[in-house]
Amino acid sequence: MNRKKIVAGNWKMNMTIDQSNDLINELKLISENNVEVKIAPSFTNLYKAVAILKDSEIEVIAQNVHSEMRGAFTGEISTEMLKSIGVNTTIIGHSERRKYFNETDLVLSKKVKASIENSLNVIFCVGEELSEREKDNHFELIRTQITNGLLDLNSDEIKNIIIAYEPVWAIGTGMTANTQQIQEMHEFIRGLIYDKYGHDISSMIRILYGGSVKPNNAKEIFSLDDVDGGLIGGASLNFSDFNSIVNAANG
Ligand code: 13P
C-alpha cells in the first residue's frame, strides 16, 4: 500500500515565541508535495503557530495532553483546549514523558482514549532503553508498550493513530539505529497491528522512526519498507536541516 509519508518536528522545550515565529515563517517556504509536514512547538507557541500557518498545509500539533476533560489539574492542558485553538493532533508517550514525568502505560492509555474520544489524532511513541536491547528484550518491551497503550482501541479508533518508534538510546545522541534494526522493529510493530486488526488496517497505519534523523541519513531511513517518515528532534529546530529532511521524504 502507498502510505503518504509524514515528517514531524518535535521541538521539545525549545524556542521562545519570537524564535518560534521566525522559524515558522521560514517553514512556510517548504514545498511538501507528497509529504505531510507537522510541527510540535511548546504550548506557549501553539496558538500563534496555528495563526501563522492557517493557509499552509503544515499541521501544528501538541507535544502532550492530559487525559481529563477539565477540572482541578494544575498545569495541565486538555484535549478540548487544544481543539479550541485549532490543534487536532498530539504526541503521546514520548520517552521523555515516560522517563522524566513517570508516565506509565496506564496513564498513556488514558490519554490515548481521551484524545480519540475527543477527535484528537495521536502520534503514539514507543521505544526501548539500551539496557533492554542489550538484554535482547526490545521486542517484548515494544509489544508491551503497544499492547497497553493502543490495543484496546477498536478498528475505527486505531485508524487515528500514528505510531513512532524511537529507540531511547538513539534520541539526541547522534547514534541512529541501523537500517536493519529499524526495519525489523517497524515490521514487528506492523505485525502487532495485523494480529489485532487485520490486513487493511495494518497496511494503512503509518509508523515513523525517530532518533537522530538528520539530513545525511533521512533518505536511507525513509526508503525502508515499513518506515513512513520520521519524528525529528534536534534537526527540526533549524529551517535548512528540517527542509532537507522533508525533501528526503519527498522521494
Ligand atoms: P532527536 O532527533 O534530537 O534525536 O530527537 C528525536 C525525538 O525524540 C523526536 O521526538
Side-chain angles (χ1 to χ4, degrees), residues 5-15 19-20 23 27 30 35-43 45-46 49 58-65 87 89-103 108 111-112 115 121-130 132-133 138 141-142 145-146 149-150 161-179 181-182 185-186 189 206-222 224 227-249:
K5 289 218 169 17
I6 296 172
V7 173
N10 175 9
W11 290 8
K12 308 190 179 182
M13 196 175 74
N14 294 292
M15 300 280 181
Q19 292 166 334
S20 170
L23 178 55
L27 293 176
I30 285 184
V35 184
E36 279 177 38
V37 179
K38 306 179 194 296
I39 55 166
S42 63
F43 285 126
N45 298 339
L46 285 178
I58 298 177
E59 185 186 3
V60 178
I61 72 174
Q63 297 178 17
N64 186 26
V65 72
V87 171
T89 303
T90 185
I91 299 171
I92 291 178
H94 192 279
S95 62
E96 289 147 17
R97 299 295 319 171
R98 293 176 187 263
K99 188 167 161 181
Y100 303 129
F101 304 95
N102 302 321
E103 294 194 357
L108 297 173
K111 291 186 175 204
V112 169
S115 299
N121 299 315
V122 172
I123 299 182
F124 185 73
C125 302
V126 295
E128 81 284 358
E129 299 273 353
L130 188 57
E132 298 291 338
R133 184 168 278 274
H138 43 297
L141 189 106
I142 300 300
Q145 290 179 345
I146 297 269
L150 297 180
I161 304 283
I162 296 160
I163 297 170
Y165 170 57
E166 301 202 302
V168 179
W169 46 274
I171 294 176
T173 58
M175 186 164 83
T176 37
N178 68 38
T179 50
Q181 291 169 325
I182 298 172
M185 187 57 85
H186 281 232
I189 293 170
R206 286 172 296 177
I207 307 174
L208 314 182
Y209 170 78
S212 298
V213 178
K214 305 288 177 199
N216 64 1
N217 60 23
K219 205 170 183 78
E220 188 183 26
I221 295 170
F222 295 162
L224 299 169
V227 174
D228 305 309
L231 187 53
I232 319 299
S236 71
L237 297 174
N238 78 76
F239 172 72
S240 148
D241 284 358
F242 194 62
N243 190 35
S244 301
I245 293 171
V246 172
N247 287 338

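Sequential numbering from 1 along the given sequence is applied to the chain's residues. Counting convention: from 1, in listed order, for ligands and their atoms alike.
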Subject >> H94-ligand 1 polar pair, N/O distance under 3.5 Å >> reply: yes

Original post:
Is G172 in polar range of ligand 1, meaning some N or O pair under 3.5 Å apart?
Top reply: yes

Subject >> Sub-4.0 Å heavy-atom approach of A235 to ligand 1 >> reply: no

Original post:
Quick one: does K214 get an N or O within less than 3.5 Å of an N or O on ligand 1?
Top reply: no

**OP:** Answer side chain, backbone, both or neither: which part of N10 comes under 4.0 Å from ligand 1, heavy atoms only.
**Re:** side chain

**OP:** List the closest protein heavy-atom neighbour of atom 3 (O) of ligand 1: residue, atom name, distance to the nearest 0.1 Å.
**Re:** G234 N, 2.8 Å

Original post:
Please state which protein non-hydrogen atom is closest to atom 2 (O) of ligand 1 and give its distance, to 0.1 Å?
Top reply: G233 N, 2.9 Å

Original post:
Which atoms of ligand 1 are found less than 4.0 Å from any heavy atom of G211?
Top reply: 4 (O), 6 (C)

**OP:** Write out the residue and atom name of the closest protein heavy atom to atom 9 (C) of ligand 1, then the distance separating them to 0.1 Å.
**Re:** E166 OE2, 2.9 Å

Subject >> Any side-chain donor near an acceptor of the partner, E166 and H94, under 3.5 Å >> reply: yes

Original post:
Could you give the distance from CD (Q63) to OG1 (T90), rounded to the nearest 0.5 Å?
Top reply: 8.5 Å

Original post:
Is the side chain of N217 donor-acceptor paired with the backbone N or O of S212 at a distance under 3.5 Å, no angle test?
Top reply: yes

**OP:** Mind checking ring-ring contact (aromatic ring centres under 6.0 Å, His included) for H186 and listing every partner two or more places apart, or none if nothing turns up?
**Re:** Y165

Original post:
Would you say ligand 1 has an N or O under 3.5 Å from any N or O of T173?
Top reply: no

**OP:** Drop me the distance from H138's NE2 to M185's CE, to the nearest 0.5 angstrom.
**Re:** 5.0 Å

Original post:
Relative to the heavy atoms of A170, which atoms of ligand 1 are at a distance of less than 4.0 Å?
Top reply: 4 (O)

**OP:** Look only at the side chain of E103 and the backbone of L108, and say whether a donor-acceptor pair between them is shorter than 3.5 Å.
**Re:** no

Original post:
Which is it for R97 and I91 under the side-chain contact (heavy atoms from CB on, under 4.5 Å) test, yes or no, and what are the steps along the way?
Top reply: CA-CA 10 Å; R97 299 295 319 171; I91 299 171; over 6 Å; no

Original post:
Pick from E96, R133, E129: which one makes a side chain to side chain contact (heavy atoms under 4.5 Å, CB included) with V168?
Top reply: E129

